[in-house]
Amino acid sequence: MLRRVIGNVAVRRQIQRALSSKSGGSGKTSDVSAAVDSMLLRSLKEHYLEVSKMTPPPKVTPPSPFEIVKGSLEGTGAVLKKSVGNEEISLFVMRLAHGGGDDDEEDDGINQLFLHVAVSKPNQAESLHFLCGLYPDALGIHSVSMRPKLEDLELSDDPARYTGPSFEELDEKMRDIFHSFLEERGVNESLFPFLQAWLYVKDHRNLLRWFKSVGTYVHENPSAENA
């Protein structure tokens, strides 16, 4: 869906033809630059309008008692939070990167997510951190570690710091207990519909913002001025 508006081969060919026709005549470099700027601005505007008309997904509410973190669409912090006894559960989410070059646009569907779960306590400097794969019908744990409390998705590790064994190295019974630990706190596949819709809206906003900021930059800093 959103990917459709990027990487259009026809647009690239149109630019190449324009450059060829300019360079083949007596056109100055500044003329070529101005022509490319004009085409870029027109393309950015067309794509901005196309994306702005896309129908948003139906509104979905998160499973209770999770609450949406105010301002989460604008940053990289937690998306959902809830308190259970003396614990605070914070959920951070991002797309699971596509592994191959298969451009089979299943409508650009977001069908797999990276879910970062931080379970923290007020008197502890570190939180229990789970890195999970979230799917429409399942949740799988990739790793469990103790980390400083998270404010955003900056997960750079000190290479000398031991963060725990690979999850697959744990015996099956312990892996099952960790899954139950999350299940008891409401962290399971029931979160998928909300987080999928939330990511769609975030992607949509980011793409509109990108088209607008690049267009503003090109408009205010035309190449011809520097030629």
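Every heavy atom of this structure was used, including side-chain atoms; hydrogens, water molecules and symmetry mates were not. Computed from a predicted model, the values in this text were never measured in an experiment.
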Revision key, fill the gap. Value for OG (S83) from CD (E88), rounded to nearest 0.5 Å, stands at 5.0 Å
Check your understanding: Would you call the rings of F167 and F178 parallel, tilted or perpendicular if under 30° counts as parallel and over 60° as perpendicular?
Key -> tilted
Practice item. Report, as yes or no, whether the 6.0 Å neighbourhood of atom NZ on K45 holds more than 12 heavy atoms from other residues, nucleotides or ligands. Key: no
Point to revise | From S145 atom OG to L128 atom CG, the distance as rounded to the nearest 0.5 Å | key: 7.5 Å
Point to revise | Any donor-acceptor pair under 3.5 Å from H204 side chain to Y200 backbone | key: no
**Study point:** For E126, salt bridge (Lys or Arg N to Asp or Glu O under 4.0 Å) partners two or more places apart
**Key:** R161
Point to revise | Interatomic spacing from CG in L113 to CG in L91 - rounded to 0.5 Å | key: 11.5 Å
Practice item. Indicate if V144 and I177 have the same hydrophobic cluster label, given that clusters are the connected sets of ILVMFWY residues with side-chain heavy-atom separations under 4.5 angstrom. Key: no
Exercise for review: Using salt bridge (Lys or Arg N to Asp or Glu O under 4.0 Å) as the criterion, list what pairs up with E74, not counting sequence neighbours.
Suggested key: R205, R209
Practice item. Check whether any side-chain heavy atom of V69 sits under 4.5 Å from a side-chain heavy atom of V79, and report yes or no. Key: no
Exercise for review: Sequence neighbours left out, what passes salt bridge (Lys or Arg N to Asp or Glu O under 4.0 Å) with K82? Give chain and number order.
Suggested key: none
**Study point:** Gap between atom CG of L134 and atom CG of N111 - 0.5 Å precision
**Key:** 11.0 Å
Check your understanding: How long is the span from the CD1 atom in I89 to the CG atom in L80, to the nearest 0.5 Å?
Key -> 12.0 Å
Exercise for review: Flag yes if more than 12 heavy atoms outside M146 fall under 6.0 Å of its CE atom; otherwise flag no.
Suggested key: yes
Practice item. Hey, can you tell me if H116 and H129 have their rings parallel, tilted or perpendicular (30° and 60° cut-offs)? Key: tilted
Check your understanding: Does F194 have its ring centroid less than 6.0 Å away from the ring centroid of F66?
Key -> no
**Study point:** Qualifying residue for side chain to side chain contact (heavy atoms under 4.5 Å, CB included) with L139, from V117, L191, L182
**Key:** L182
Review point. Is any side-chain heavy atom of D171 closer than 4.5 Å to a side-chain heavy atom of R175?
Key: no
Exercise for review: Nearest 0.5 Å please: distance from the CG atom of L40 over to the CG atom of L44.
Suggested key: 4.5 Å
Point to revise | F192 side chain reached by D137 side chain, heavy atoms, under 4.5 Å | key: no
